[in-house]
Chemist: 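Next up is a structure, given as structure tokens.
In listed order, ligands and their atoms are each counted from 1. Values below: all heavy atoms of this structure, side chains included; hydrogens, waters and symmetry mates excluded.
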Amino acid sequence: MYENQKQFASIVSSILQETTIADIHTHLFPPSHGEMLLWGVDELLRYHYLVAELFTTADWDLTYEKFWSMSKSQQADIIWEHLFINRSPLSEAARGVITTFQKLGLDVKKRDLSSIRKWFSQQKLDEYLPKVFEIAKIDYIIMTNNPFDPKDAKYWQEHAAAPDYFKSALRIDPLFEDWQSAADVMTGQGYDVRPPSKDTDEGYQFDKKSIDEIRRFLIDWSKLIKPVYFAASFSPDFAYGKDKLLTEIIDRAVIPAATELGLPFALMIGARRGVNPELRDAGAGVGTADLTCLSELLRNYPKVKFLVTVLARTNQHELTVLGRVFRNLHIFGCWWYCNNPSIIEEMTRQRIELLGTSFTAQHSDARVLDQLIYKWDHTREIISKVLTDKYNDLYKSGWEVSREQIARDARTILGGSFEEFCRK
Ligand code: HDL
Ligand code: ZN
């Protein structure tokens, strides 16, 4: 198999193409969530990554207000014109739209948005959704379900059913980033939660009843949506052990609930929200976090499972080393601003060299259903390139792998290692 390098590379690539994937972090919703499930050409084009890119080139007379007041198709038109017609769609998010059209069998050479729109208008979601999962070869996705979001909460309270290949995750950012709004939602749902009081010079403290009620809220929501894990994102200023309020919520509510339910806690660290608030979701920045706070959390709870991804490239090596040092830590994905070929390749090489296959190489973070197609096509290409090199390095030391072992290793870093970690 190794004699001919080109042939070996194409064997590994075809195995990756056939490897099915567990996509462990997305922002997709089941069809029962109605308009919350985004799909189709206009949603693809108005992805917040492309909105940010639009404003890097648009004339200043295109104000944010003007853009946000446009219809979805007007927004899509202006993004198509600026980023696909006036310039080559070279960015990862722009190229992704083209890859998706191509994999769907559309003629991208014509660059004819109206005929592409016509094709999408003829798709029926109940046939299109399984088609996208088949093209992208996805076993299942894990959603981001926010009980503090009235729309998301309402769908779960009314339906609570999703196809089994839409698994849930309980997303609890508001507990940490906007305590007052979180408390209002919890009290609105019948939990007797009072805002923390500043009764010590060390900072805020919850009364015991409120902390117990926060824990009950997490348990009750978990019984309803049956999450695979709890999740929260944190700014680069994440300061477990120093930030008293954050530490107390984690120590006295999240960890006890995760322990009672046997669920992992996923931390996504490094997003600085609202750096440019005019851009809404697209306006977040990135910052390097102090991962010694993460080490303290991992040390404090050796029997709790933690899933972690970080946003800053500058944090990746340190996180990968922590993945070696703490058996209760599973690192995953090339998150958001790291989800670009140059950084995915660097991160995947670093992770394989330090962790073998004990990590999850990628998650799509898809917000639009059809993005699954390009996000996984692009990732498979990079992973097959890295694995080919690593198998060749092994071969130089006399160790040959079979096609079955390549397929096993590929699925391991594309969901298998995660599933094994969650079973511990
Ligand atoms: O916090 C998160 O889960 C992030 O992934 C944000 O949703 C971000 O806006 C995003 O879509 N990144 O890809
Ligand atoms: Zn996300």
Chemist: Where does H363 meet ligand 1, judged by heavy-atom distances below 4.0 Å: at the side chain, the backbone, both, or neither?
Modeler: neither
Chemist: Within less than 4.0 angstrom of ligand 1, does Q371 place any heavy atom?
Modeler: no
Chemist: Give a yes or no on whether the backbone of E53 and the side-chain of T56 come within a donor-acceptor separation of less than 3.5 Å.
Modeler: yes
Chemist: Take the angle between the ring planes of H25 and H363 and call it parallel below 30°, perpendicular above 60°, tilted in between.
Modeler: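 Plane angle over 60°, so perpendicular.
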Chemist: Taking atom 5 (O) of ligand 1 as the point of reference, which of D365, N339, T309 owns the nearest heavy atom?
Modeler: D365
Chemist: Return the option from M268, H25, H48 holding the heavy atom at the smallest distance from atom 10 (C) of ligand 1.
Modeler: H48
Chemist: Using a 4.0 Å cut-off to any heavy atom of R273, which atoms of ligand 1 qualify?
Modeler: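 The list of qualifying atoms is 1 (O), 2 (C), 6 (C).
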Chemist: Do the side chain of Q75 and the main chain of F67 share a donor and acceptor less than 3.5 angstrom apart?
Modeler: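 Indeed, once roles are kept as given, a pair shorter than 3.5 Å links the two residues.
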Chemist: Note the single closest protein heavy atom to atom 2 (C) of ligand 1, along with its residue, its atom name and the distance in Å.
Modeler: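 Of every protein heavy atom, R171 NH2, 3.3 Å lies nearest to atom 2 (C) of ligand 1.
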Chemist: For the Zn ion (ligand 2), check which protein N, O or S atoms are under 2.8 Å away and list them.
Modeler: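 Near the Zn ion (ligand 2), below 2.8 Å, one finds H25 NE2, H27 NE2, D365 OD1.
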Chemist: How many angstroms lie between atom CG of N328 and atom OH of Y301, to the nearest 0.5 angstrom?
Modeler: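 If I round to the nearest 0.5 Å, the distance is 12.0 Å.
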Chemist: Rounded to the nearest 0.5 Å, what separates atom CD in Q316 from atom OG1 in T309?
Modeler: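 Output value for this atom pair is 6.0 Å.
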Chemist: In terms of side-chain heavy atoms, does S73 have a donor or acceptor partner in D42 at a distance below 3.5 Å?
Modeler: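 Checked: S73/D42 side chains show no N/O donor-acceptor pair below 3.5 Å.
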Chemist: Students often mix this up, so state it plainly: with edges at 30° and 60°, are the rings of W179 and F206 parallel, tilted or perpendicular?
Modeler: perpendicular
Chemist: Taking all atoms of both residues into account, what is the closest heavy-atom pair of F29 and L37, and its distance?
Modeler: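 Of all heavy-atom pairs spanning F29 and L37, the closest is O-CD1, 3.1 Å.
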Chemist: Will you find, in the side chains of D409 and T357, an N or O donor that is under 3.5 Å from an N or O acceptor?
Modeler: no
Chemist: Looking only at protein heavy atoms, which one is nearest to atom 6 (C) of ligand 1, and what is the separation?
Modeler: R367 NH2, 3.7 Å
